Amino acid sequence: MSSFWENEIVKIAANFSVAVLCMVVFLAIFELVTKYKNWEEIQKGNVAVAMATGGKIFGIANIFRYALHHHESLLAMIGWGIYGFILLLVAYFIYEFLTPKFNIDEEIAKDNRAVGLISMVISIGLSFVIGEGIR
């Protein structure tokens, strides 16, 4: 039975499945902490929300890329992925805190694409920093 789990195709499928499941859970958590409903706003054509959400998706996926690359076991990959996500979530709150002149969530909900773009770049950029740190 151990040879089944050592098969490269099975490993890839397991890693992919876990990463997708974590992505869904983490996006649901982001949905809870934002003042807008991501998928409803995207359906309405809100480009700022799409950019911010896309940055979060890329950021989470990139963190898992690093976790997969540097950790052999599925459990280690999940643990480091969760840790990386927590850091990305903390960065989201810091970004909100460091912009006292306006509310990030409100601006993104109003389709302020400049704020959406910066949010996307912050999520993507920090995912590289977090990813390198979790190796």
Side-chain angles (χ1 to χ4, degrees):
M1 187 67 160
S2 66
S3 65
F4 174 78
W5 292 108
E6 293 171 6
N7 184 310
E8 202 61 31
I9 292 172
V10 173
K11 281 183 179 179
I12 292 168
N15 289 336
F16 173 78
S17 300
V18 168
V20 168
L21 178 62
C22 288
M23 174 88 62
V24 169
V25 170
F26 296 161
L27 287 174
I29 292 169
F30 268 124
E31 183 90 20
L32 292 172
V33 300
T34 56
K35 295 178 183 164
Y36 51 86
K37 300 294 179 204
N38 293 298
W39 303 110
E40 288 176 16
E41 290 296 322
I42 290 170
Q43 187 178 22
K44 288 192 267 183
N46 187 324
V47 177
V49 171
M51 287 190 292
T53 303
K56 291 169 187 167
I57 291 169
F58 185 99
I60 294 165
N62 194 40
I63 288 168
F64 272 95
R65 180 193 81 78
Y66 278 95
L68 275 166
H69 182 65
H70 296 292
H71 303 284
E72 271 298 309
S73 79
L74 193 59
L75 214 49
M77 185 263 297
I78 294 169
W80 284 107
I82 290 170
Y83 181 64
F85 167 73
I86 291 168
L87 292 175
L88 197 61
L89 189 62
V90 167
Y92 168 80
F93 289 119
I94 290 171
Y95 172 47
E96 185 77 51
F97 177 74
L98 290 178
T99 54
K101 290 189 179 205
F102 59 91
N103 185 285
I104 300 297
D105 279 352
E106 288 175 10
E107 292 299 315
I108 291 174
K110 291 190 290 189
D111 201 14
N112 183 333
R113 294 174 187 179
V115 176
L117 178 65
I118 292 298
S119 294
M120 179 181 76
V121 171
I122 286 172
S123 292
I124 292 171
L126 288 178
S127 75
F128 283 98
V129 174
I130 293 166
E132 190 61 31
I134 64 175
R135 69 186 194 109

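If you're wondering where the values come from, they're calculated on a predicted model, not measured in any experiment. Quick note: numbers below take in every heavy atom, side chains included, and nothing from hydrogens, waters or symmetry partners.
One finds the CG atom of Leu89 at 9.0 Å from the NZ atom of Lys56 (value rounded to the nearest 0.5 Å). Between the CG atom in Leu68 and the CD1 atom in Ile63 there is a gap of 12.5 Å [rounded to 0.5 Å]. Atom CG of Asn103 is separated from atom CD1 of Ile108 by 9.0 Å, given to the nearest 0.5 angstrom. Here the CE-CD1 distance, from Met77 to Ile134, works out to 10.5 Å after rounding to the nearest 0.5 Å. Of the inter-residue distances, the one linking His71 atom NE2 with Ile78 atom CD1 reads 12.5 Å to the nearest 0.5 angstrom.
Of the possible polar contacts, one joining the Asp111 side chain to the Val47 backbone as a donor-acceptor pair under 3.5 Å is found. When atom types are taken as modelled, the side chain of Asn46 and the backbone of Ala109 share a donor-acceptor pair closer than 3.5 angstrom. The backbone N or O of Glu96 lies less than 3.5 Å from a partner atom in the side chain of Thr99, making a donor-acceptor pair. Between the side chain of Asn15 and the backbone N or O of Leu74 there is no donor-acceptor pair closer than 3.5 Å.
Contact check for Asn7 versus Ser3: no side-chain heavy atoms found under the 4.5 Å cut-off. Using a 4.5 Å heavy-atom threshold, the side chains of Ser119 and Tyr95 count as touching. In this structure, the side chains of Ile60 and Ser127 stay at 4.5 Å or more apart for every pair of heavy atoms. Using a 4.5 Å heavy-atom threshold, the side chains of Val115 and Phe102 count as touching. Using a 4.5 Å heavy-atom threshold, the side chains of Ile124 and Asn62 count as separate. In this structure, Leu27 and Asn38 have side chains that are not in contact, with every pair of non-hydrogen atoms separated by 4.5 Å or more. In this structure, the side chains of Leu98 and Ile94 come closer than 4.5 Å at one or more pairs of heavy atoms. Phe26 has its side chain out of reach of Leu88: every pair of non-hydrogen atoms, C-beta onward, lies at least 4.5 Å apart.
The heavy-atom pair separating Ala91 from Leu126 by the smallest distance is CB-CD1, 3.4 Å. Between Arg113 and Met51, the closest heavy-atom pair is O-CE, 3.2 Å.
For the residue pair Asp105 / Thr34, no side-chain donor-acceptor distance below 3.5 Å is found, with atom types taken as modelled.
Aromatic ring orientation, Tyr66 versus His70: parallel (interplanar angle below 30°, classes split at 30° and 60°).
Aromatic ring centres of Phe85 and Phe30: separated by under 6.0 Å.
Under the 4.5 Å side-chain heavy-atom criterion for grouping Ile, Leu, Val, Met, Phe, Trp and Tyr, Leu75 is not connected to Ile82 through any hydrophobic cluster. Hydrophobic clustering (side-chain heavy atoms under 4.5 Å, transitive across Ile, Leu, Val, Met, Phe, Trp, Tyr) groups Val33 together with Ile130. Under the 4.5 Å side-chain contact rule for hydrophobic residues, Trp80 and Val20 do not share a cluster. Under a hydrophobic-cluster definition in which Ile, Leu, Val, Met, Phe, Trp and Tyr are linked whenever side-chain heavy atoms come within less than 4.5 Å, directly or via other members, Ile86 and Val18 are assigned to the same cluster. Cluster annotation: Phe64 and Val129 are assigned to distinct hydrophobic clusters (Ile/Leu/Val/Met/Phe/Trp/Tyr, side-chain heavy-atom contacts under 4.5 Å, transitive).
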Passes side chain to side chain contact (heavy atoms under 4.5 Å, CB included), Lys44 versus Val49? Steps please.
-> CA-CA 10 Å; Lys44 288 192 267 183; Val49 171; over 6 Å; no

Give the C-alpha distance, both sets of side-chain angles, the deciding distance and a yes or no for side chain to side chain contact (heavy atoms under 4.5 Å, CB included) between Trp39 and Glu31.
-> CA-CA 9 Å; Trp39 303 110; Glu31 183 90 20; 3.8 Å; yes

Hey, mind stepping through Phe58 and Ser123 against side chain to side chain contact (heavy atoms under 4.5 Å, CB included) and telling me if it holds?
-> CA-CA 8 Å; Phe58 185 99; Ser123 292; over 6 Å; no

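Counted within 6.0 Å of OH on Tyr83, heavy atoms from surrounding residues, nucleotides or ligands total 12 or fewer; the atom is thus considered open.
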